[in-house]
Participant: 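Got a structure for you, questions after.
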Protein chains: 2
Amino acid sequence: MASTSLPDIHSHPMIRKLESVFTLSDDEKGAILNLPMQVVDIRPDQDIVREGDSPSRSCLVLDGFACTYKITGEGRRQIVAFNIVGDIPDLQSLHLRMLDNSIGTLSPCTVGFIPHDALRTLCERHPRIASALWRSTLVDAAIFREWMTSIGRREAYSRIAHLLCEMLVRLNAVEKAEGHTCDLPITQAEFGDALGLSTVHVNRIFQDLRADGLIRTKGTQLTVPDWDRLQEAGEFDRSYLHLERQNFRL
Amino acid sequence: MASTSLPDIHSHPMIRKLESVFTLSDDEKGAILNLPMQVVDIRPDQDIVREGDSPSRSCLVLDGFACTYKITGEGRRQIVAFNIVGDIPDLQSLHLRMLDNSIGTLSPCTVGFIPHDALRTLCERHPRIASALWRSTLVDAAIFREWMTSIGRREAYSRIAHLLCEMLVRLNAVEKAEGHTCDLPITQAEFGDALGLSTVHVNRIFQDLRADGLIRTKGTQLTVPDWDRLQEAGEFDRSYLHLERQNFRL
DNA sequence: CCCGCGTATTGATCCATGTTAACGCCCGGC
DNA sequence: GCCGGGCGTTAACATGGATCAATACGCGGG
């Protein structure tokens, strides 16, 4: 599969992501740019891969919002992660035969499928890239731990505040937010599925957050007028995101 | 630091764990056996490492039960993982500068501290071991996802049933259970902290599970008289544990 | 054999959040 | 400009689980 060439080197989301940890050599950058990648556009609310699949490739989110989720025996959905540009939400399938979760789009998405063979070769030849990819799966795990803590031990108000803080910081890190404003094409029902709350309750709390002046929304756009108070409300401390070399205005 | 030599090759928990995925060469086994390891006994309810630490070594659980946890701003505890023999609960610190969680003992524990240097060298020289360690952090993440789903979307009864199934399967995998019986030195308060429930409610549900004939307890010992029904009650499907080559009686 | 302490158990009451069911708004398609 | 569907909003009511406060049990130490 030929790779669709991207405008310039720094716009490759994988390079951008890895460079947030350390500087890549030209050789390493070249190896990434030469990865075979099948680029596909996907409509909203479509599954990219399904629980039980044994994919032979992983998907890199090039644009849009996706989510990782599981469905309960009773048919209830738990979203365990929101995936944004640069994320490789099923990188785990490189080492685990069977997917234990599904991944679906929330908004229109562009994703790049990269064969496992190519990734394995990349890792063998470039140990630093292998480490960086390992690291990125460890950051994902850190986010899981934080979400678990939110869902298990924080009340709805701070749970939502926390998630909004996280999304804003992560989107800033990939330049998909301008300061305290970002586009967040996530419905209240989807927030509920991520936070273990009902849609109705999410709605109630959103109104409280607005009334308290912590957030403002306009369509899918979120603005945070009082970043400090939102962080307090959510007990948000970004260190679990393990961001390094970030150029935050936040 | 000299390694305390262990009885025989197969009793090294790390070898046993890695061999559950693929067969190690003698060379690989030797490298693991030669890892420098400081062996320490730790009393119950002691922290092994704390959130915010930047350790230069990782700890391998050699015996006993430990847990990974976070404390909320309001001082509430969320246990995000139970650690048993063979687990390396802070392996992540090999690639992430700062720990985003604490790890503490539940029962008396023996742990082995292995310097990061030694682990990094091991990974460089033995790529298959590196992959296996990466894999094991991915399995940990899969367990996080499953717990999140339980906490977010399952009611208390099936949440507890699910966790008991998981512990029994994991303990069987490391030969720390005999069929449907195992020693589980975890208090009801600790179960509560792991499941996002109050101690009182955990107690009530345990009584329901006993009354329904799904479990029996005697001190810290758990017996599951009806494995099928317990699995149903917890919607338990072990595939997320990604066990391979297991010799289950279960 | 008794004491003391951590853990399990119980009962009463409260409340955060779920459920159900309308209704309304906005936006894209025709 | 109207229609339809998804999403947000509201209200009334139900409930799982939290909290608080005793009380009981089991076990190691003296």
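First the proteins, then the strands, lettered A, B, ... as listed; each starts at 1.
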Participant: Output the rounded distance in Å from CD1 (B:Ile205) to C1' (C:dA8).
Facilitator: 15 Å

Participant: With a 3.5 Å cut-off and no angle check, do the side chains of A:Thr217 and A:Arg210 form a donor-acceptor pair?
Facilitator: yes

Participant: Separation of A:His201 atom NE2 from D:dA14 atom C1', in whole Å?
Facilitator: 15 Å

Participant: Closest nucleotide of DNA chain C for B:Gln188 versus for A:Arg76: which of these residues is on the 5' side?
Facilitator: B:Gln188

Participant: Only Watson-Crick and G-U wobble pairs with both distances less than 3.5 Å should count. Give DNA chain D in dot-bracket notation, marking inter-strand partners with |.
Facilitator: ||||||||||||||||||||||||||||||

Participant: Under 3.5 Å, is there a donor-acceptor pair between the B:Asp212 and B:Tyr157 side chains?
Facilitator: yes

Participant: Just checking, any donor-acceptor pair under 3.5 angstrom between side chains of B:Ser102 and B:Asp47?
Facilitator: no

Participant: Specify the separation, in whole Å, of atom CZ of A:Arg159 and atom C1' of C:dT17.
Facilitator: 9 Å

Participant: Report yes or no: do A:Glu146 and A:Thr149 form a side-chain donor-acceptor pair below 3.5 Å?
Facilitator: no

Participant: Of the candidate nucleotides D:dC7, D:dG17, C:dT17, which contains the atom at the shortest distance from the side chain of B:Ala156?
Facilitator: D:dG17

Participant: Under a 4.5 Å cut-off applied to non-hydrogen side-chain atoms, are A:Glu166 and A:Phe82 in contact?
Facilitator: no

Participant: Mind checking B:Ser198 for me? I need base, sugar-phosphate or nothing, with any heavy atom below 4.0 Å counting as a touch.
Facilitator: base

Participant: For A:Gly192, answer base if it contacts any base atom (sugar-phosphate contacts may also be present), sugar-phosphate if it contacts only those atoms, and nothing otherwise; contact means non-hydrogen atoms under 4.0 Å.
Facilitator: nothing

Participant: What residues in residues 207-216 of chain A put a non-hydrogen atom under 4.0 Å from any atom of DNA chain D?
Facilitator: A:Gln207, A:Arg210

Participant: Could you check if a side-chain atom of B:Leu99 sits within less than 4.5 angstrom of a side-chain atom of B:Pro55, using non-hydrogen atoms only?
Facilitator: yes

Participant: Please tell me if B:Asn203 has a side-chain N or O lying less than 4.0 Å from either OP1 or OP2 of C:dA8.
Facilitator: no

Participant: Does the D:dG8 base have a donor-acceptor partner in the side chain of A:Arg204 within less than 3.5 Å?
Facilitator: no

Participant: Rounding to a whole Å, what distance do you find between B:Arg154:CZ and D:dG17:P?
Facilitator: 13 Å

Participant: Give a yes-or-no answer on whether the side chains of A:Gln221 and A:Asp183 include a donor-acceptor pair shorter than 3.5 Å.
Facilitator: no

